[in-house]
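Worksheet: the structure to be examined is printed underneath.
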Amino acid sequence: MFDVSLKNVLRLGYAGRTFKSGYRFQNYWDTPMATAFFCGETGAGLFILSMLLNFMPGIILGLLITGVGKTFFHLTHMGVPSKSWRAILRPDRSWISRGLWGIIFFVGFGSLHVLDQIFGVVPDQLAKPVYLLAIAGAMMVVVYQGFAMSHSTAISFWNTGLMPVSSMLYGFLAGSSLVMALNALGFDVADAGQFAMVITGQKILMVAVLMTVLSLLHNAKHGAKGAHQSYLLLTKDFLSKPFLIGVMGIGIIIPLAILLFAPVNFITTMTVTGTMLVGFYLYRILVFKAGVLDPILSPADIFKR
Amino acid sequence: MTSYGMVFDVKRCIGCNACTVACKQENSLPDGVFFTRTLSAESGSYPNVSRTYLPTICNHCEDAPCEKVCPSGATYTRDDGIVMVDAKKCIGCGSCAVACPYDMRTQIEETQVKGGLFGDGQLTPFEEQGYSRFECGTFTKCDFCSERVDAGKQPACVATCPTDARIFGDLDDPDSKVSRLIRDRMGRQPLPEKNTRPKVFYIE
Ligand code: SF4
Ligand code: SF4
């Protein structure tokens with residue numbers, strides 16, 4: 001259903017990898033990269049919230065989602081996985097490099113924090129710096145992917161400051177939803193005040209995500225030519241069903257309605273977390289699938305034929 | 001300082017794609033990999049229609065986004081302005097490919113190299129010697145035939161073009177043919193709004 005099939009690529013206006021001038025899809029970053037982005041933002045969001053709540057199950061799960069899940073999917077995407085370490089070399093100019101440093105700080109100092117909490121391995125005067133460096137690394141992980149996309153002038157749909165905003169909001173929303181799910185599964189969040197705060201935060205984040213996704217669509221509709229094509233793909237064309245039903249309906253409207261109008265219990269909590277995560281994952285995939293490059297050069301535009 | 005660039009004379013191009021074939025031969029490009037393509041675009045409506053051919057190639061951008069995003073340092077610009085990829089350093093992350101507004105990056109897949117031009121796993125002697133330059137999984141692109149340029153020759157596509165629609169030279173030399181053509185015939189860059197400062201110009 002989500003394939004950029006030959007039929008779609010070759011129809012009028014879409015040049016694909018042909019010798020026709022026209023719009024082209026980016027297909028270099030695909031499902032493995034989208035899954036890595038999803039794991040990065042979900043894990044980092046969960047980790048940061050859990051650190052603030054001192055919620056150890058969330059801290060450990062966040063570290064695993066990013067440290068294992070994100071790393072695995074990045075390696076499956078990479079053309080030369082054995083040389084992936086080289087991505088640390090250019091933090092001065094590349095968001096991918098900065099992000100990798102963020103992952104190293106997040107997973108390294110985060111794991112040290114967990115070991116310290118369990119076995120007391122870190123000297124007292126270093127415990128606070130370790131805690132802060134782990135959060136700083138996780139903050140970088142939750143936003144850098146959005147910055148990496150927003151810096152691509154090639155794909156006008158991505159070339160907006162809303163990309164890192166959506167990364168951060170989705171990351172924290174997934175994090176707060178997973179905290180609620182872990183709590184429902186019996187891993188209790190410390191006190192009732194914190195619990196109420198997470199529920200309120202989840203509602204605010206859900207509304208903020210809705211506003212951000214709508215703003216992204218609005219920007220794309222009124223943006224450059226390539227961005228407008230992305231808007232059409234997501235709302236009227238072959239990506240519209242998964243986007244409107246999956247991302248907007250299942251991922252945002254249903255969980256928001258449950259959060260606002262249904263009582264908090266095991267079933268509603270698990271439903272909100274499940275639907276929200278499905279919507280977020282689809283969002284990550286579809287934003288890549290809808291990446292359209294402007295026609296390289298149109299003689300009609302340039303030479304006014 | 002030398003700054004190499006190219007001019008495409010759209011009026012002269014007949015869409016024969018001899019340049020495309022010459023490039024594939026010079027660089028031993030596997031099946032499905034192109035460093036240059038001559039695109040066709042139709043304009044007008046019946047009966048007043050016309051077709052224009054648009055040669056495309058890596059623009060060796062002065063402000064190359066592919067270089068800025070490369071996390072491994074594999075993409076770099078030579079002193080003469082040619083944007084290069086060091087295959088030994090490339091990790092195949094594809095950041096350059098999503099950053100290039102001109103879709104000029106290609107990944108070398110193992111199946112393309114191992115399968116051979118006939119797709120049966122048998123490599124011709126030509127393929128055997130040519131494919132040794134590629135690292136599977138890395139991203140590659142046109143380098144203005146840097147080895148030929150270093151030897152004082154023209155890039156293969158320029159040398160082959162039967163209509164002289166491709167002109168190569170030093171953009172920093174005001175008396176070079178490319179500089180004069182751009183000046184006299186109002187050369188235009190592709191997608192100037194992307195602020196990449198391409199070193200490829202189109203004239204009509
Ligand atoms: S055309 Fe693309 S690949 Fe070539 S230098 Fe410019 S951005 Fe890089
Ligand atoms: S694919 Fe290679 S050349 Fe391109 S950005 Fe990644 S490391 Fe650099």
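The chains referred to below are lettered A, B, ... by the order of the sequence lines, with proteins before strands, and numbering in each begins at 1.
Atom CG of residue A/Leu293 and atom CE of residue B/Met104 lie 10.5 Å apart, to the nearest 0.5 angstrom. To the nearest 0.5 Å, atoms SG (B/Cys100) and CD1 (A/Ile155) are separated by 10.0 Å. Between the OG1 atom in A/Thr18 and the CG atom in B/Leu39 there is a gap of 7.5 Å [rounded to 0.5 Å]. Atoms OH and SG, from A/Tyr28 and B/Cys93 in turn, are 13.0 Å apart once rounded to the nearest 0.5 Å. Here the CE atom belonging to A/Met78 is positioned 10.0 Å from the SG atom belonging to B/Cys90, to the nearest 0.5 angstrom. Atom CZ in B/Arg51 sits 12.0 Å away from atom OG in A/Ser21 (nearest 0.5 Å).
Proximity to chain A (any heavy atom under 4.5 Å) is shown, for B/Glu67, by both the backbone and the side chain. Contact annotation for B/Cys70: both backbone and side-chain heavy atoms come within less than 4.5 Å of a heavy atom of chain A. For B/Tyr53, no part lies under 4.5 angstrom from a heavy atom of chain A. Contacts between B/Thr38 and chain A at a heavy-atom distance below 4.5 Å involve the backbone alone (N, CA, C, O). Contacts between A/His77 and chain B at a heavy-atom distance below 4.5 Å involve backbone atoms as well as side-chain atoms. Both the backbone and the side chain of B/Val98 come within less than 4.5 Å of a heavy atom in chain A. Of the atoms belonging to B/Ser95, heavy atoms from both backbone and side chain fall under 4.5 Å from chain A. Only the side chain of A/Trp158 comes within less than 4.5 Å of a heavy atom in chain B; its backbone stays farther off. Residue B/Asn195 does not touch chain A at all, counting heavy-atom pairs closer than 4.5 Å.
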Problem set entry | Stepwise side chain to side chain contact (heavy atoms under 4.5 Å, CB included) check, A/Val80 with B/Thr138 | CA-CA 7 Å; A/Val80 194; B/Thr138 61; 3.7 Å; yes

For this session: Would you please test A/Lys20 and B/Glu42 for salt bridge (Lys or Arg N to Asp or Glu O under 4.0 Å) and show each step?
Result: CA-CA 9 Å; A/Lys20 287 272 176 207; B/Glu42 285 91 32; 3.3 Å; yes

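By the neighbour-count criterion of 12 heavy atoms within 6.0 Å, atom CZ of B/Phe118 is sparsely surrounded, having that number or fewer from other residues, nucleotides or ligands. Atom CD of B/Glu147 has 12 or fewer heavy atoms from other residues, nucleotides or ligands within 6.0 Å. Remark: A/Phe105 CZ is loosely packed, at most 12 non-hydrogen atoms of other residues, nucleotides or ligands lying under 6.0 Å away. Heavy-atom contacts from other residues, nucleotides or ligands closer than 6.0 Å to CG of B/Asp79 number 12 or fewer.
Remark: side-chain polar atoms of A/Arg86 are paired, donor with acceptor, to backbone N or O of B/Ser72 under 3.5 angstrom. At distances below 3.5 Å, at least one donor-acceptor pair connects side-chain atoms of A/Lys83 with backbone N or O atoms of B/Lys88.
Under the 4.5 Å side-chain criterion, counting only non-hydrogen atoms from C-beta, A/Ser156 is in contact with B/Lys194. For the pair B/Leu54/A/Phe19, no side-chain contact is recorded, criterion being any heavy-atom separation below 4.5 Å from C-beta on.
Taking B/Val69, B/Asn17, B/Asp103 one by one and counting their heavy-atom pairs under 4.5 Å with chain A, the maximum is reached by B/Asp103.
Side-chain atoms of B/Tyr102 and A/Asp294 include no donor-acceptor pair closer than 3.5 Å.
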